[in-house]
Amino acid sequence: MTTYDPGTIERHWQERWEADGLYRASVDWSQPKHYAVTMLPYPSGDIHIGHWYAMTPSDARARFKRMQGFNVLFPMGFDAFGLPAENAAVQRNVHPAEWTWANIERMRSQIRSMGCMFDWEREMVSCDPAYYRWSQWFFARFLEAGLAYRGEALLNWSPTLQTVLANEQVIDGKDERVGQPVIQRLMEQWFFAITKYADELLSFEGIDWPEPIRAMQTNWIGRSEGAEVVFRTEGGDAIPVFTTRPDTLWGATFMVLAPEHDLVGSVTAADRRAVVEEYQRQAAGRSELDRLMDDRAKTGVDTGGRAVNPVNGEHIPIWIADYVLTGYGTGAIMAVPAHDGRDFAFARSYGLPIVPVIHPEGEPEPTGDTMAEAFVGAGTMINSGPLDGTPVTMDKGRANPSVAAAIDWLQANGAGEEAVNFRLRDWVISRQRFWGSPIPVIHREDGGIEIVPDDELPVILPEDLDFTSTGSPLARHEGFRSTTAADGTPATREIDTLDTFMCSSWYQYRYLGPRHESAPFDPEEAAYWLPVDTYTGGGEHATMHLMYTRFFTKAMRDLGMFDATAKVMVAHGRDPDGHFDEPMRQLRNQGQILGEERPGDIVAIRGTKDGERWVASAVTVGGAEGDVIGELVRRTENILQVAVGGSVVVVEVPDEAIIEIPAIDGANDVTQLRHHLEVQRMSKSKGNVVNPDDLVNAYGADTVRTHLMFAFDWEKGGPWDSRGIVGAHRFLRDVWNLGTSPAETGSGGGDRALRRAQHQTIARVSGYLESFSWNTAVAALMEYRNTLQSVVGKGVVSEPAWIDAVTTLLLLLAPVAPHITEELWQRRGHQGSIHEAAWPEFDEEAAAEDVITLVLQVNGKVRDKIEVPAGITRAEAEAAALASPKVQARVGEGTVRSVIVVPGRLVNVVVE
RNA sequence: GCCGGGAUGGCGGAAUGGUAGACGCGACGGACUCAAAAUCCGUUGCCCGCAAGGGCGUGCGGGUUCGAGUCCCGCUCCCGGUACCA
């Protein structure tokens with residue numbers, strides 16, 4: 001008998017599969033298809049354990065589907081534009097393309113070591129001109145269709161660096177490079193009109209997506225129903241406002257405009273101008289950090305202007321305040337302090353009037369002076385003229401009778417209209433970056449904009465960029481920037497590039513014809529493969545990638561980009577209806593693998609004893625001298641629990657205590673202390689990264705795959721445990737030994753039981769793989785391993801039964817551990833690859849038990865368990881239960897009131 | 001605050017309203033070994049008991065049910081998302 005040597009067999013089979021083209025997928029209308037996609041990685045340089053965790057179970061599912069008889073397409077690619085490549089370019093003066101392609105090369109071979117069935121001939125790389133040509137083409141089509149447009153957006157602008165920064169490049173209101181302040185500035189940008197699809201994106205009909213993702217997208221879109229009401233300034237300018245509570249209009253005692261609102265200048269009284277402009281300046285300079293620090297204390301200034309409330313003609317003051325956002329609704333609100341918490345706080349701070357218009361149920365009528373807080377509950381309308389007496393409920397929109405009545409009144413009196421507002425903003429797709437797809441437009445001298453003609457696509461990124469100075473290298477590159485318009489006049493190219501999320505919004509289509517020349521994808525391929533049947537990846541993409549790709553698909557559908565595909569479908573007798581509304585039918589998200597749990601810091605504490613607890617004056621990590629020395633086992637706020645010997649000492653750490661953590665520079669605080677079992681994300685700086693290559697070298701890819709599928713609840717993830725992996729390795733070694741041991745040639749007396757276990761395992765594993773329940777699938781296979789080990793060498797099973805049982809083990813394990821099963825498959829004399837073999841068929845009769853354990857309960861508590869024939873009747877089961885001495889002992893003097901029989905499971909005797 | 005998810009042995013985790021803790025890790029005891037590793041056998045939710053056996057037990061408090069980890073009501077805590085959203 002040979003020993004299991006994963007290194008050799010894995011290398012051998014990966015090369016062999018590659019040479020045989022085992023995983024090439026091609027259209028075959030005679031077979032059912034399964035299109036599985038797992039999110040493409042960013043080529044950061046190294047594959048980490050998270051990639052394995054996401055990709056290898058997805059691979060197992062694709063393999064399972066293939067063995068079930070589906071023609072499976074499972075492609076892979078790279079999301080290759082992005083900031084890290086720019087940073088590398090700036091730091092090392094290498095071209096981002098060079099850096100990126102080198103990383104891709106490296107990561108490809110690492111991904112290959114996983115042994116996945118990726119069809120590499122369909123690989124797409126988003127920074128390849130052959131790919132981004134089509135990203136540009138999509139932009140052009142969207143622009144023509146009015147789905148792309150130019151508008152203004154607030155961006156993080158660094159006056160020092162003269163550049164726009166991404167949110168992650170801004171730390172504490174300052175840029176990460178030189179630490180100078182960053183301000184919010186309105187700038188011209190390219191947008192995609194995703195809000196046109198807001199309503200359609202709220203519907204998840206016909207797709208199987210996880211509830212958390214649906215909820216996040218729904219929240220993100222943020223649909224709210226109400227009315228748009230037009231207030232007028234005393235000068236006659238219209239100030240439309242959106243409100244979800246038009247029923248409280250009679251209680252509007254002032255208005256608030258966003259500081260950036262267009263009308264601020266014209267409504268401001270002469271004597272208020274200086275104060276107002278000062279406030280506007282301050283608001284523009286406020287960073288994210290300031291806003292958070294302020295903890296929603298409301299500030300604002302009176303413009304001195306007044307507006308007319310359209311429902312009662314009252315003249316009310318107009319203020320500006322930064323709690324009103326320019327980007328939401330109309331950038332102006334009517335303030336109803338009696339029934340809105342923010343307006344209430346603002347009114348109280350600045351002494352503005354408060355007029356209640358809802359009389360709370362079962363309470364005395366409130367007055368503006370007596371209210372302690374805004375009232376937002378149910379009641380009856382008051383002080384509201386024609387609407388007085390209308391009931392107010394907690395319902396939203398027209399479902400609330402008071403809101404419905406108010407909308408009707410507004411429409412009848414021409415003061416406003418029913419309206420729906422969304423939180424979702426249009427998608428800003430331009431980036432002030434150079435490592436992204438160029439946007440295919442040119443700016444004419446006369447200010448006009450031209451789309452680059454299709455036959456000139458792609459607009460290629462230049463090779464000879466200078467990354468060393470500040471600002472955009474594309475802007476400085478004359479050869480790129482200067483061009484001519486269609487009429488020959490001088491023009492400049494757009495120097496912004498496309499958001500990388502745009503490139504990843506349509507990549508699942510490029511796999512369907514990666515070298516197709518006349519369209520972004522091949523309709524012949526798309527007709528067969530679309531839509532994606534299963535999509536797997538991280539849930540962190542809920543509101544970005546996963547929403548953008550839905551939008552993209554819907555837009556493509558509406559622009560007729562699937563028309564040719566639909567024709568091919570019809571020609572093959574497939575109804576295209578509903579196939580282009582959503583990109584992915586089924587979505588599943590894996591969780592995240594976190595760093596391994598580690599011991600807490602060893603701390604030395606100086607301090608004084610105050611009763612049972614200590615009060616620290618100094619805490620030193622790794623210190624050797626102090627009043628209390630031990631391992632930090634828990635920290636809650638500033639209370640430490642320190643294990644000293646066998647007991648736990650409680651230590652309070654006041655603010656003035658000195659904390660010293662040698663590993664962390666600068667002044668330390670109590671929250672930086674690391675306590676026992678604390679789990680953190682993996683990162684190089686924390687030193688808790690698990691390197692999959694090391695694991696593959698030590699145990700083999702099959703073991704890593706099996707362990708990752710076994711040791712976690714896949715959708716939840718959790719901390720890595722370096723000890724547990726040996727369980728998966730022992731399991732595969734046992735499989736190896738079973739697969740290479742001589743066949744049993746026993747009596748056959750154990751055949752029936754073995755065959756039963758075999759078919760029960762087939763049913764379980766099939767169900768678990770279908771439902772992404774990897775851990776229970778592997779557990780079922782381990783149980784089956786235990787069963788096989790319990791009969792091997794005992795001489796109780798016949799040769800055919802044994803061979804059949806081992807064959808089934810290999811087939812069921814093949815999706816999880818593809819190499820070892822392939823090797824054993826060949827060694828055992830099978831023809832062809834195990835990965836092309838048919839999934840074992842389940843035989844219900846073979847799986848049936850003939851003896852079952854009947855659980856006997858008395859008043860719902862288990863009192864006995866007896867073995868009975870599986871075919872036992874209800875009456876027999878009842879009789880057997882009542883005959884049990886243990887049941888009889890419990891029944892005792894009592895009266896049996898009823899007996900509940902659950903066939904095949906239990907009998908519950910109910911005693912008085 | 002709002003939305004979503006969760007809480008089960010020392011740990012990861014199993015359980016269509018019907019035997020709670022499958023499977024694995026770890027730990028403990030034993031075998032093999034000069035020894036260690038590896039391997040094999042056994043034990044392993046907690047409490048009482050020499051044992052037979054008994055009691056308790058799925059974050060907390062109620063409820064529905066013959067029967068609740070699972071369903072309902074009310075909480076607590078943890079994780080994720082989001083947040084002056086009018």
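The sequence lines fix the lettering, A, B, ..., with proteins before strands; numbering per chain opens at 1.
When heavy atoms are screened at a 4.0 angstrom cut-off, Arg214(A) is found touching no nucleic acid atom at all. No engagement by Glu540(A) is indicated, since no non-hydrogen atom pair under 4.0 Å with the nucleic acid exists. Gly717(A) comes within 4.0 angstrom of sugar-phosphate atoms only, judged by non-hydrogen atoms across all strands, and of no base.
Side chains of Glu540(A) and Gln592(A): a donor-acceptor N/O pair is absent below 3.5 angstrom, by distance only. Side-chain atoms of Ser790(A) and Thr787(A) include no donor-acceptor pair closer than 3.5 Å. For the residue pair Asp734(A) and Tyr4(A), no side-chain donor N or O sits within less than 3.5 Å of a side-chain acceptor on the partner. For the residue pair Asn421(A)/Tyr328(A), the side-chain donor-acceptor check at 3.5 Å is satisfied. Glu867(A) and Thr853(A) share a donor-acceptor pair across their side chains, judged by distance under 3.5 Å alone.
Close to rG10(B), at under 4.0 Å from its OP1 or OP2, lies no side-chain N or O of Arg723(A). Look at Arg730(A) and you'll find a side-chain N or O under 4.0 angstrom from OP1 or OP2 of rG26(B). Of the side-chain N and O atoms in Arg425(A), none sit less than 4.0 angstrom from OP1 or OP2 of rC85(B).
Nearest to the side chain of Asn908(A), among rA86(B), rA22(B), rC66(B), sits rC66(B). With distances taken from any side-chain atom of Arg733(A) to the nucleotides rU19(B), rC40(B), rC84(B), the minimum falls on rC40(B). Nearest nucleotide to the Leu325(A) side chain, out of rC25(B), rA14(B), rC85(B): rC85(B). Comparing rC66(B), rA86(B), rC84(B) by their nearest atom to the side chain of Val324(A) picks out rA86(B). Closest to the Pro212(A) side chain, of the nucleotides rG55(B), rC85(B), rG4(B), is rG4(B). Comparing rG5(B), rA83(B), rC25(B) against the side chain of Arg423(A) picks out rA83(B) as the nearest. Nearest to the side chain of Lys298(A), among rC84(B), rG13(B), rG54(B), sits rC84(B). Out of rU19(B), rC84(B), rG26(B), the shortest distance to the side chain of Tyr323(A) is found at rC84(B). Out of rC56(B), rC84(B), rU16(B), the shortest distance to the side chain of Arg905(A) is found at rU16(B). Side-chain proximity of Thr776(A) to the nucleotides rA15(B), rG26(B), rA86(B) is greatest for rA15(B).
Searching all strands for a Watson-Crick or G-U wobble partner of rU82(B) with both distances below 3.5 Å returns rG1(B). Taking a pair to require two hydrogen-bonding distances under 3.5 Å in either a Watson-Crick or a G-U wobble arrangement, rA52(B) remains unpaired. Across all strands shown, the partner of rU43(B) is rA27(B), judged by Watson-Crick or G-U wobble contacts whose two distances both fall under 3.5 Å. The partner of rU33(B) cannot be assigned: no Watson-Crick or G-U wobble pair with both contacts below 3.5 Å exists in any strand. Summarising the base pairing, rA14(B) is matched to no nucleotide, lacking a Watson-Crick or G-U wobble pair whose two defining distances lie under 3.5 Å. Searching all strands for a Watson-Crick or G-U wobble partner of rA7(B) with both distances below 3.5 Å returns rU76(B). Base pairing of rG21(B): no nucleotide in any strand meets the Watson-Crick or G-U wobble criterion (both distances under 3.5 Å). Nucleotide rC71(B) forms a Watson-Crick or G-U wobble pair with rG63(B), both donor-acceptor distances falling under 3.5 Å.
Taking atom CG of residue Asn775(A) and atom C1' of nucleotide rG13(B), one finds them 7 Å apart after rounding to whole Å. Rounding to whole angstrom units, CG of residue Asn421(A) and C1' of rA86(B) are separated by 9 Å. Atom pair Leu856(A):CG and rG67(B):P shows a separation of 17 Å (rounding to whole Å applied). One can place CG of Leu781(A) at 15 Å from C1' of rA14(B), the figure rounded to the nearest angstrom. Protein atom CG of Asp734(A) is 10 Å distant from nucleotide atom P of rG24(B), rounded to whole Å. Between Arg245(A) atom CZ and rC85(B) atom P the separation is 14 Å, expressed in whole Å. Following rounding to the nearest Å, Asp713(A) (CG) and rG69(B) (P) show an atom-to-atom distance of 21 Å. Atom CG in Asn589(A) sits roughly 17 Å away from atom P in rG4(B) (whole-Å rounding).
rG74(B) and rG81(B) are spaced 27 Å apart, taking the P atom of each and rounding to whole Å. When the C1' atom is used for both rG12(B) and rA31(B), the distance is 30 Å, rounded to whole Å. Look at the P atom in both rG69(B) and rG59(B): the space between them is 10 Å, to the nearest Å. Nucleotides rG26(B) and rA38(B) place their P atoms 9 Å apart, quoted to the nearest Å. With C1' as the reference atom, rG57(B) and rA7(B) are 15 Å apart, rounded to whole Å. Rounded to a whole angstrom, the distance from the C1' atom of rC72(B) to that of rC25(B) is 38 Å. Spacing of P atoms, rU44(B) relative to rA51(B), comes out at 13 Å, to the nearest Å. Distance noted for atom C1' between rU70(B) and rA14(B): 13 Å (whole Å).
Put simply, the residue from Trp774(A), Tyr53(A), Phe772(A) that forms a ring pair (Phe, Tyr, Trp, His ring centres under 6.0 Å) with Phe712(A) is Tyr53(A). Tested against Glu225(A), the residues Asn400(A), Val420(A), Val403(A) include a single side chain to side chain contact (heavy atoms under 4.5 Å, CB included) partner, Val420(A).
Rounded to the nearest 0.5 angstrom, Tyr699(A) OH and Arg730(A) CZ are separated by 9.5 Å.
Glycosidic conformation of rG24(B) is anti; the angle lies outside 90° of 0.
At a threshold of 4.0 Å, the pair Arg874(A)-Glu876(A) does not count as salt-bridged, since none of the basic side-chain nitrogens sits closer than that to a carboxylate oxygen. With salt bridges taken as basic N to acidic carboxylate O contacts below 4.0 Å, one links Asp208(A) and Arg588(A).
Only Met782(A), Glu783(A), Arg785(A), Asn786(A), listed by number, bring a heavy atom of residues 782-791 of chain A to less than 4.0 angstrom from any atom of RNA chain B. For residues 216-228 of chain A, proximity to RNA chain B is found at Met216(A), Asn219(A), Trp220(A), Ser224(A), defined as any non-hydrogen atom under 4.0 angstrom from a strand atom.
With hydrogens and angles disregarded, a donor-acceptor distance shorter than 3.5 Å links the side chain of Gln760(A) to the backbone of Ala847(A).
Within the structure, every pair that satisfies the side-chain hydrogen bond (donor to acceptor under 3.5 Å, both in side chains) test and touches residues 209-218 of chain A, not counting sequence neighbours, is listed here: Gln217(A)-Arg550(A).
For Trp720(A) and His707(A), the ring centers sit closer than 6.0 Å to each other. Taking the six-membered ring for Trp and the full ring otherwise, the centers of Trp427(A) and Phe501(A) sit at least 6.0 Å from each other.
Between the side chain of Lys716(A) and the base of rC79(B) there is no donor-acceptor pair of N/O atoms closer than 3.5 Å.
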